[in-house]
Amino acid sequence: CIPKQTMWCRARASPQAGWALANTTWNPTKPWKERFKWDGKTKCIRTRSGFVLPSEPWKKKHDRTWLGNCAASTTTGEKREDVQGEGTDAFGTVRENEDGSHATDPKPKGVRNGGKTDAGVELEPLPTSDQSDTLLKIRHTSAHVMAMAVQQIFKDAQVTIGPWIDNGFYYDFDLKTPLSDKDLKKIKKKMRYIINKNLPLVREEVTREEAEKRIKDLGEPYKLEILQGIQEEPITIYHIGNEWWDLCAGPHLDTTGQIDAKALELESVAGAYWRGDEKREMLQRIYGTAWETEQQLQQYLVMKEEAKKRDHRKLGKELDLFSIQEDAGGGLVFWHPKGGMVRHIIESFWKETHLSRGYELLYSPHVAKLELWKTSGHFDFYKENMFDSMDVEDETYQLKPMNCPFHIVVYQDGYRSYRDLPLRWAELGTVYRYERSGTMHGLFRVRGFTQDDAHIFCLPDQITDEICGVLDLVEQILTTFGFKTYEINLSTKPEKAVGGDDIWTMAEESLVAALERKNWRYKVDQGGGAFYGPKIDVKITDAIGRQWQCSTIQLDFNLPERFNLEYVTPENGRARPIMIHRAIFGSIERFFGILVESYAGMFPLWLAPVQAQILPVSDAQLDYCNKVASKMRAQGLRVEVKSGERLAKLIRNAEVQKIPVLLVAGQHEAENYGLSVRTRADGDLGELSVDEVVARMNEKVRIKCSECKLS
């Protein structure tokens, strides 16, 4: 029996591995076997969601000698029968009140569970290089310091490029011997030595001829090739003291000593082709990260470890969601039944939402004659990202890399008046783009993917209203999936552009007016628009603070001109419509990968491929469970019945598969047409009638609740 008012935690103190008095220090960042260090002082508490350290208010309230000696409720070898003792439930765990206290306590005396599951881990977003000039300089200077260190250790090393990236930096080297982890430690040690010397970084302007002479004296062919690609004059060089230099436009810190050596880490070595061309030399790329403070570095490392656990490639295999079969073709996604179900739900929601907002659905072919892609300009400007053309009955066809020309063809197939506009056409269209084998990455970069594409054909004075409508749609859809923090970027006219200044000014002012009407803060990327029109980009922030480029709203003055699109004006004349490209997810595959990582595989109830598992305590309840499952499926719920193992193992298997709701049926539940309910968010809810379970689940699905609560 379990003494009242006594907290227990799972221990590895003995071979019996039972429940013992909680007198351990618990380190949740370490593997399970290393979490418990027995010191006889600090106590951890078992709650519905696992083990947590007691909060300060709880410790003040319960600062007293723990009751009881040492006991065990169940040991690893026990078989749980269909018995529910006082204060326990069908899952064999101690029942707890809402505040976390044991159900056997005469009054609530527990601790409110402040811990969070993996899916609920929330870390403050760290700044990227683009968001902090100081951080950008730290990382750029760190890259130069690393290159200097490498060339001082490896005399034959030749440097190529070394830019900063969102969360760090890298440098590519041509080295005769492969780098190891041991080498990274040597390089980091040398970097600290250079940092501690506090060497100045000095900018020097030289002529192209002088730069070429110096590079040839060094015997650095890659630098020479870089120099040949630099169009601007004069050529700028950055020196670290009098010991090392490289071609560079900057910016940099004033001295190496401004880098916090404790906030710097070398992360990994990878292969990279020079200029990204697999026909060129294979280089060794060293990735590093640098931050303003050691605290930021530690937070980044925690986030990085969390990201590893959430890797959609890992979870996709563990949860049987999808696979990429290299034997069948790299970069091609095979959706398994569970992943296919989630995709079906996402697509159905997408279609229903678009239809409710005045969009019409299109379906278009996967191939078209090459002439269509020449007219659109894709063949001239995008050919390297397209698969090879194919000959069909003396004509040349091309797999589509984009959906836009197909929607234009539909627009051309009819008489269009100003009264018909705006036209809003949406399609979940699969496209095919050639990606080099070394650049593909799970669902994030593939060769075949489905764009959630839509095109709006409208009048010039309709742009603001249409953009506002798109922004409302973006907010509605992304918020439903739990993304509520955005970064908005407005990209304006570049130096080379089609269309006159007047139409660009009108378009940019329309985008600004729409953003201001939404009261959304935004950044302006001056000159960062495409040559055919300005655009709005939306970045979302996931559960661990990472940003993802997601939605894009792009105005296009080019394709209507190329395809000679027209509508009849009120004066019976002819005019060009404005074309708006927009995607909310970007692609189904990429967005699915983002969802898997943000949720850590724990989909909310409305999205989960299997919403509930029904578990019989023994085979005697199997028929009852199957009847309940049939009733729930008839009500639109996705449920499974699992049996054939001990109940404890069935529960564990369901938790590993991240099933939101577990429903246990023993003799008592079967006799009373009920189920013992446990959810991921609520913990144990005790016994509920089948009708009540169905009603609660359907209500949470209807409102698309982001949590799996049935309470």
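Note that this is a predicted model, so its numbers are computed, not measured.
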Review point. Per the salt bridge (Lys or Arg N to Asp or Glu O under 4.0 Å) rule, which among K484, R357, K518 passes with E475?
Key: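 Answer to the salt bridge (Lys or Arg N to Asp or Glu O under 4.0 Å) test with E475 among K484, R357, K518: K518.
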Exercise for review: Please determine which of R546, R310, R590 meets the salt bridge (Lys or Arg N to Asp or Glu O under 4.0 Å) test together with E597.
Suggested key: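 That would be R546; it is the only one of R546, R310, R590 passing the salt bridge (Lys or Arg N to Asp or Glu O under 4.0 Å) with E597.
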Within 6.0 Å of [atom1] in [X], more than 12 heavy atoms from elsewhere:
{"X": "H441", "atom1": "NE2", "value": "yes"}
{"X": "K709", "atom1": "NZ", "value": "no"}
{"X": "R652", "atom1": "CZ", "value": "no"}

Answer yes if the side chains of [X] and [Y] hold a donor-acceptor pair under 3.5 Å, and no otherwise.
{"X": "T450", "Y": "R343", "result": "yes"}
{"X": "T479", "Y": "Y486", "result": "yes"}
{"X": "S323", "Y": "H336", "result": "yes"}

Between [X] and [Y], is there a donor-acceptor pair closer than 3.5 Å when you use the side chain of the first and the backbone of the second?
{"X": "D682", "Y": "S711", "value": "yes"}
{"X": "H366", "Y": "V431", "value": "no"}
{"X": "Q611", "Y": "R638", "value": "yes"}
{"X": "D537", "Y": "Q549", "value": "no"}
{"X": "S598", "Y": "A543", "value": "yes"}
{"X": "Q621", "Y": "S618", "value": "yes"}
{"X": "D542", "Y": "G545", "value": "yes"}
{"X": "E427", "Y": "S364", "value": "yes"}

Provide the closest heavy-atom pair for [X] versus [Y] in the form atom of the first, atom of the second, distance.
{"X": "T353", "Y": "S356", "value": "O-OG, 2.7 Å"}
{"X": "E466", "Y": "P422", "value": "OE2-CG, 3.3 Å"}
{"X": "K631", "Y": "D691", "value": "CE-OD1, 3.0 Å"}
{"X": "M303", "Y": "I544", "value": "SD-O, 3.0 Å"}
{"X": "C468", "Y": "R517", "value": "SG-CD, 3.4 Å"}
{"X": "I584", "Y": "D452", "value": "N-OD2, 2.9 Å"}

Exercise for review: Would you sort out whether F444 and W548 count as a ring-ring contact (aromatic ring centres under 6.0 Å, His included), showing the intermediate values?
Suggested key: CA-CA 11 Å; F444 292 156; W548 302 88; 5.0 Å; yes
Review point. Does the ring centre of F481 sit less than 6.0 Å away from the ring centre of F349?
Key: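 Yes, close enough.
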Review point. Taking the inter-plane angle between the rings of W350 and H354 on a 0 to 90° scale, is it parallel (under 30°), tilted (30 to 60°) or perpendicular (over 60°)?
Key: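 It falls in the tilted class, 30° to 60°.
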**Study point:** Set of residues satisfying salt bridge (charged side-chain N to carboxylate O under 4.0 Å, His left out) with respect to K304, sequence neighbours excluded
**Key:**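 Only E267 meet the salt bridge (charged side-chain N to carboxylate O under 4.0 Å, His left out) criterion with K304.
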Side chain proximity check, [X] to [Y], heavy atoms < 4.5 angstrom:
{"X": "I594", "Y": "F483", "value": "yes"}
{"X": "K338", "Y": "L319", "value": "no"}
{"X": "P616", "Y": "Y624", "value": "no"}
{"X": "L315", "Y": "K309", "value": "no"}
{"X": "F603", "Y": "P609", "value": "yes"}
{"X": "Y300", "Y": "V302", "value": "no"}
{"X": "V639", "Y": "Q613", "value": "no"}

Rounded to the nearest 0.5 Å, how far apart are [atom1] of [X] and [atom2] of [Y]?
{"X": "I659", "Y": "L650", "atom1": "CD1", "atom2": "CG", "value": "12.0 Å"}
{"X": "E692", "Y": "M697", "atom1": "CD", "atom2": "CE", "value": "12.5 Å"}
{"X": "I345", "Y": "K704", "atom1": "CD1", "atom2": "NZ", "value": "9.5 Å"}
{"X": "D472", "Y": "I467", "atom1": "CG", "atom2": "CD1", "value": "11.5 Å"}

Practice item. Could you give me the CA-CA distance, side-chain angles and deciding distance for L332 and I324, then say whether side chain to side chain contact (heavy atoms under 4.5 Å, CB included) is met? Key: CA-CA 6 Å; L332 303 175; I324 296 176; 5.7 Å; no
Review point. Going by an N to O cut-off under 4.0 Å, is there a salt bridge joining E487 and R521?
Key: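 Between R521 and E487 there is no salt bridge, as every charged N stays at least 4.0 Å from the carboxylate O atoms.
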Point to revise | Qualifying residue, where the test is side-chain contact (heavy atoms from CB on, under 4.5 Å) with V690 and the options are N672, L663, I614, V628 | key: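 With V690 as partner, N672, L663, I614, V628 yield a single side-chain contact (heavy atoms from CB on, under 4.5 Å), made by V628.
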Check your understanding: Only one of F592, F591, F449 forms a ring-ring contact (aromatic ring centres under 6.0 Å, His included) with F585, so which one is it?
Key ->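 Result for ring-ring contact (aromatic ring centres under 6.0 Å, His included) with F585: F591.
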Exercise for review: Take T485 and I540 through the side chain to side chain contact (heavy atoms under 4.5 Å, CB included) test and state the conclusion after the steps.
Suggested key: CA-CA 6 Å; T485 303; I540 58 176; over 6 Å; no
Practice item. Would you check, one step at a time, whether the test salt bridge (charged side-chain N to carboxylate O under 4.0 Å, His left out) holds for E699 with R696? Key: CA-CA 5 Å; E699 175 60 18; R696 291 191 188 189; over 6 Å; no
Check your understanding: Y359 and W425: ring-ring contact (aromatic ring centres under 6.0 Å, His included), yes or no, with the steps?
Key -> CA-CA 6 Å; Y359 283 78; W425 291 341; over 10 Å; no
Exercise for review: Please assess R678 against D684 for the test salt bridge (charged side-chain N to carboxylate O under 4.0 Å, His left out), listing each intermediate value before the final yes or no.
Suggested key: CA-CA 4 Å; R678 168 186 279 181; D684 304 332; 2.7 Å; yes
**Study point:** Qualifying salt bridge (Lys or Arg N to Asp or Glu O under 4.0 Å) pairs with a residue from residues 313-324, counting only residues at least two apart or across chains
**Key:**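 Listed by first then second residue: D311-R313, K314-E318.
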Exercise for review: Apply side chain to side chain contact (heavy atoms under 4.5 Å, CB included) to L710 and K700, showing your working.
Suggested key: CA-CA 7 Å; L710 295 185; K700 297 299 182 180; 4.0 Å; yes
Practice item. Could you please spell out the steps behind the side chain to side chain contact (heavy atoms under 4.5 Å, CB included) verdict for S551 and R582? Key: CA-CA 7 Å; S551 308; R582 44 113 300 199; over 6 Å; no
